[in-house]
Structures are given as structure tokens and as C-alpha cells.
Amino acid sequence: MSNIAGRVREVFRGDQRVDADALIARLDAVRRFLTAVDGLLPDGDLVPAHTLVERAGTRLALSRDHTVVALAGATGSGKSSLFNALARLELSPVGVRRPTTGVTHACVWGPLEGANHLLDWIGVLPRHRFVRESALDADDETALHGLILLDLPDFDSVQRSHRLEVDRLLGLVDQVVWVVDPQKYADRVIHDSYLREFHRHRDVTVVVLNQADRLSPAEVPRVLDDLRRLLDTDGLTGVPLLATTAVDPAGMVGLRETMERTVAERQAALRRLAGDVDTVVAGLDQLVGSARPAGGPDDTAVNGLNRALAGAAGVPAVTEAVERAYRHRAGAATGWPVVRGWRRLRPDPLRRLHLPGPPGDQSDPAESLVAATSVPDPTAAQRSALGLAIRAVADRAAADLPAAWPGAVTSAARSRLGDLPDALDRTIAGTDLGLDRRPVWWRAVGGVQWLVTLAAVVGLGWLVLGYALRVLGLPALDNPMVGAVPLPTALLLGGLLAGLLVAALTRPVVRWAARRARARAEQRLTARVAQVGDEYVLTPVRIVLGSYAQARDALRDAARG
């Protein structure tokens, strides 16, 4: 039992007054609890709280000037006789046929008009409503003005409808006077099914040992002591216990004075509702406990989720394509111009995945706006890993929560699972992979390649021209010499060798740069995929944890009586 339940269990107001504003604040806290857990906890567990909020709001709105007191008891306990004796009129039928009281009768002290709405809500038929207002009484009944006294059916009636009516009314009245007789005061039905259930309503409970005239003067104290022992066992320590007899007006003095005091205080309705709040809070306490929720899943679970999302999104395939695309594009920009055209005939690896192609590629201008990619679908193993990662996130987040909440956290974590594939695909398609610009060194190496190629072409042309002149018998030009090698030959061979040398020196640099480009792309894709995981998995989990925190705080406020 948590601290909240402990505080509720010990509440016994006795003569303490219940502040109406404080009670309304507690009811508002119960409303906040219901709002926080709406859709997260089983509806069946929340029925008492919903009933309390609705019933309390109606009761407080109808009338605070009336006090509804019910006489409840078993067959033959003399409830109807007490009812008539208090009213000093024969209003409720009394007889030997059992059960005598089949419907609820009401007696109103004061004008009936002011109590009709309350009696309509309670469910007492108009023909069973009576007014205790007579000019012959002078001021004898003034002390009870505002009292609505109910004579309930017998709770042990053989007719099930009678028992259901008693149970319904016991949830609506402000105060209950339990009537027992010397023969059946220890009956298990009244103690196990009713009195024990009213231990949180001790401050609006009165127990009377009726028909005390059937006992000898020496027996009355012993029976009262034994009944007090039973009440203490039921958790009703401190409730008023009176001996009454309807045949002697002196035997009604104590009960009538109790009624007058209850009416004068105008506290019964507030105390009853405060007890109802105590009962509901104690029942709800097991749903929230006292654990302080974590802010969300721990880093280990989140990192595992991000890895699983990256695998399902095809990040490894995309980063591999980035590395190959970098080498492809770098080769096209820095390679020997003679073979560049042949390289461009090979498709760009990123284009195969419907991802952005080389800068300036306008083969499909609208493709950059299309969310779908051709990234391979996740394998069964990757889908399974993602499901396990999501489950791990939910389990870690709900590790310290009461039993009612892990299911809600897991449902929240999986609530947008169907939207994840499209979201991941859009994220991959919209991520800047870092290949949109040509590095400066590509241009420099490309320029060098053009220069050496131009030198080779010039040398080749020079040699061809000299050969043609000799074939035609025309005087050939004297070729300048570079050491022992003619200049045209030096230009041709030097250009070819320089081009091959530049390509050979550039190749390891390209591989190194491609790996760096792959690492950058992997970092960017992982970060974007993590954002998707945060939005589609972690945020719903945090919302549930926030609802739990709100519910826990609201229930803590509701428990402050």
C-alpha cells in the first residue's frame, strides 16, 4: 500500500468540518486524473471515479441546504417503526408480513418544493414523499428543517430488486443510520457486505441497536459492548452507537438529537462526498502507485532503437552507394579526359536508388520531389530487430511503473509502427548526403589532366604533321629537342605518362575521400533517422509517461483531505 492509500485510510473527520472549496478541489483533481488516463487505462477500473465525479457534481448542484439520511437494516429490525417515530406520524407501513418495506419512503422536514429535485435525483416516487410540516407542531420540528429521512427496503430481502435498490440508494444518501436488532446484530451479512464496506464513511455512519426494550436493563450494556467490538473489527471505530426503542419516546431522544446535530452542521453531504473521494482514491492508488516516472527510455535503449531504424531504413545500402558514387564522380572529374566519356556512360550508384544524382544532372527534375526511393526493403531479420528495439524502449521506459501502465507504454511505442516505413523512406530521400558540391581539388586535378592531355595531343599532332610532310616530299620542320628526345615526342609521351601518374596518385586520395564521404553520409542519415524514431516512437512514449506523472500528481492532490 502506497503513501497515498495510507493517508486515505487514516482519515476520520469526526467533528471536523469539511471545507466545501477543498472538497471541490479534490473532485477537480479526480477529474484531472481521469483526463490524464483517458484511453490509457481499462475503462472498468475508472467507473467508480467517473461515477463519483458525476454524482458529486449533481449532489452539490442540487441542494446544500438539505441533508439526506437513510434508515437501513435487515428485515424485522424495526426501520419503519423508527421512521414513523422520528416523523411522529404513521408514514411507512409496519406489519408482520416480511418484507414490509418494498419501496423507499421519504419524509421531508420543511417545504417539499425545495427538496423535490433532490428526491427526483435520488429516485423516490412522488406518492411516497411526505412533508413533516404542521402548524400544530409550533417550533417542535424546526431543529430538523432541511432533513430528508428515507426508509429503505430491507437489504436482506428475498426479492433481488429490493437489494439492488438499497445498494443504489446507499451510494447517493448523505448519512446512513444502520438499524440492527438484539437478535441479528451480529449477522455476517450486514457486517461483511455493508458495515465493513463503510469504513471510509465512518463520519457519516450511525449505528442504532433498535428494540432495546426487548432486553433487560442489565443486558443492554453488554449487547452494546459486543456490538461496539464488532464495529471496531469492521473498521468503524468511533461511530455513534445508540440504543433505541420506537415504543417509548424516551428511547428516541438520543437518535433525534443526533439527527438535529447533523442537520444543524450541514456537513453530512460534504463528509459523505469526502468519504467517497477517499474510497475512490484508495481504489485508484494501485493504478499509479508512488513511483516517479523516468523522463523517457535510457540511452542504451534509444541507441538500440536508432541502430534498428537505420538498418530498416537501408542506411548501410545508401552509405555504400555514397562511397561508390563518390569514387564514380571523382573519377569522372579527375580521370583522363579521353576516358571520361566512357565513365559517364556508367549509371551513378545513387541514381539506382532514386537518390539525388550528380550536380547538374537534370535527367529527372521532378524526382527530387518524390518521396519514394529504391532502397531495398528491410529483411525479416531487420524487421524483427526493429520490433525488439521498440519493445526494449517501452520496457525500459515503464520499468518502474505500476502494472497497469506498461501495456499503455508499449501500445504508445507501437502506435505509429505502420507509418514508420514511409517516414523512413521520405527521410532517406530528403537527406543531404554531402555530394551536392564538387570539391576544389577535383577541379584542380581535372585541370592538370586537361593540360597534360592537351600536351599529348599537341605532341601527337606535331608528329603526325611531320610525318605527313615527309610522305608528301615536302621539307619537314626541324623538331626542337628536349635533351635527346624531340619535343613532339616528349610532349606526347610526357602527356601520356603524366596523365597516368596523376591518375595513379589521385586514386588512393579518392578512396580515402570516398570513405570520409560515406562516414559523413552515415552520420547525417543516422541523425535524421533518429529524429524519425523520436517523433514516431519516443514522443508517444513520453506522452504516456507525462500522462502518468499528471495522473500521479492529480491523485496525490485528491488524497489531501
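Predicted, not measured: the structure shown is a model, and the values here were computed from it.
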Taking it one step at a time, do Y194 and D167 satisfy side-chain contact (heavy atoms from CB on, under 4.5 Å)?
CA-CA 9 Å; Y194 290 99; D167 293 342; 3.0 Å; yes
Indicate the atoms forming the closest heavy-atom contact of [X] with [Y], along with that distance.
X: A551; Y: V288; answer: CB-CG1, 4.2 Å
X: P421; Y: L417; answer: CD-O, 3.5 Å
X: V393; Y: P297; answer: CG1-CG, 3.3 Å
X: A301; Y: A392; answer: CB-O, 4.2 Å
X: L40; Y: A36; answer: CD1-O, 3.6 Å
X: A268; Y: V204; answer: O-CG1, 3.6 Å

Nearest-0.5 Å distance, [atom1] of residue [X] to [atom2] of residue [Y]:
X: E197; Y: D234; atom1: CD; atom2: CG; answer: 10.0 Å
X: L270; Y: D203; atom1: CG; atom2: CG; answer: 11.0 Å
X: R324; Y: R518; atom1: CZ; atom2: CZ; answer: 9.0 Å
X: I390; Y: R416; atom1: CD1; atom2: CZ; answer: 12.0 Å
X: L52; Y: T279; atom1: CG; atom2: OG1; answer: 9.0 Å
X: L496; Y: T453; atom1: CG; atom2: OG1; answer: 8.0 Å

Does any part of the side chain of [Y], heavy atoms only, come nearer than 4.5 Å to the side chain of [X], both counted from C-beta?
X: H50; Y: D43; answer: no
X: V532; Y: R528; answer: no
X: L172; Y: V68; answer: no
X: R396; Y: T300; answer: yes
X: L46; Y: L284; answer: yes
X: L525; Y: I428; answer: yes
X: L118; Y: R59; answer: yes
X: W441; Y: V509; answer: yes

Taking [Y]'s backbone N and O only, do any of them form a donor-acceptor pair with [X]'s side chain (distance below 3.5 Å, no angle check)?
X: R524; Y: T431; value: no
X: W405; Y: L41; value: no
X: S547; Y: I543; value: yes
X: S415; Y: A412; value: yes
X: E522; Y: T319; value: no
X: Y326; Y: V510; value: no
X: R64; Y: A20; value: no
X: T539; Y: Y536; value: no

Taking side chain to side chain contact (heavy atoms under 4.5 Å, CB included) as the criterion, tell me which of V537, L388, V529 meets it with L305.
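So, applying the side chain to side chain contact (heavy atoms under 4.5 Å, CB included) to L305 and each of V537, L388, V529, only V537 qualifies.
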Carboxylate-amine/guanidinium contact R26 D278, below 4.0 Å
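Yes, this pair counts.
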Between D28 and R32, does any side-chain N to carboxylate O distance fall below 4.0 Å?
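Salt bridge between D28 and R32, a charged N being under 4.0 Å from a carboxylate O: yes.
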R55 vs W121, side-chain contact (heavy atoms from CB on, under 4.5 Å): CA-CA, chis, key distance, verdict:
CA-CA 10 Å; R55 185 173 64 206; W121 176 66; 3.4 Å; yes
Go through the steps for V37 and L287 under the test side-chain contact (heavy atoms from CB on, under 4.5 Å), then give the verdict.
CA-CA 10 Å; V37 303; L287 300 179; over 6 Å; no
Given the rule in the salt bridge (charged side-chain N to carboxylate O under 4.0 Å, His left out) test, do D534 and R542 qualify, once you have shown the distances and angles that lead to the verdict?
CA-CA 10 Å; D534 186 88; R542 293 191 189 102; 3.0 Å; yes
Is atom CZ of R168 surrounded by more than 12 heavy atoms (other residues, nucleotides or ligands) closer than 6.0 Å?
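Enclosed.
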For E535, does the CD atom have more than 12 heavy-atom neighbours from other residues, nucleotides or ligands under 6.0 Å away?
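Correct, the count exceeds 12.
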I would like to know whether R327 and E323 meet salt bridge (charged side-chain N to carboxylate O under 4.0 Å, His left out); could you show each step before the answer?
CA-CA 6 Å; R327 293 201 302 265; E323 183 176 359; 3.4 Å; yes
Take L62 and D120, measure what side-chain contact (heavy atoms from CB on, under 4.5 Å) needs, and give me the verdict at the end.
CA-CA 10 Å; L62 284 173; D120 289 339; over 6 Å; no
I would like to know whether R272 and D276 meet salt bridge (charged side-chain N to carboxylate O under 4.0 Å, His left out); could you show each step before the answer?
CA-CA 6 Å; R272 171 58 196 262; D276 289 342; 3.0 Å; yes
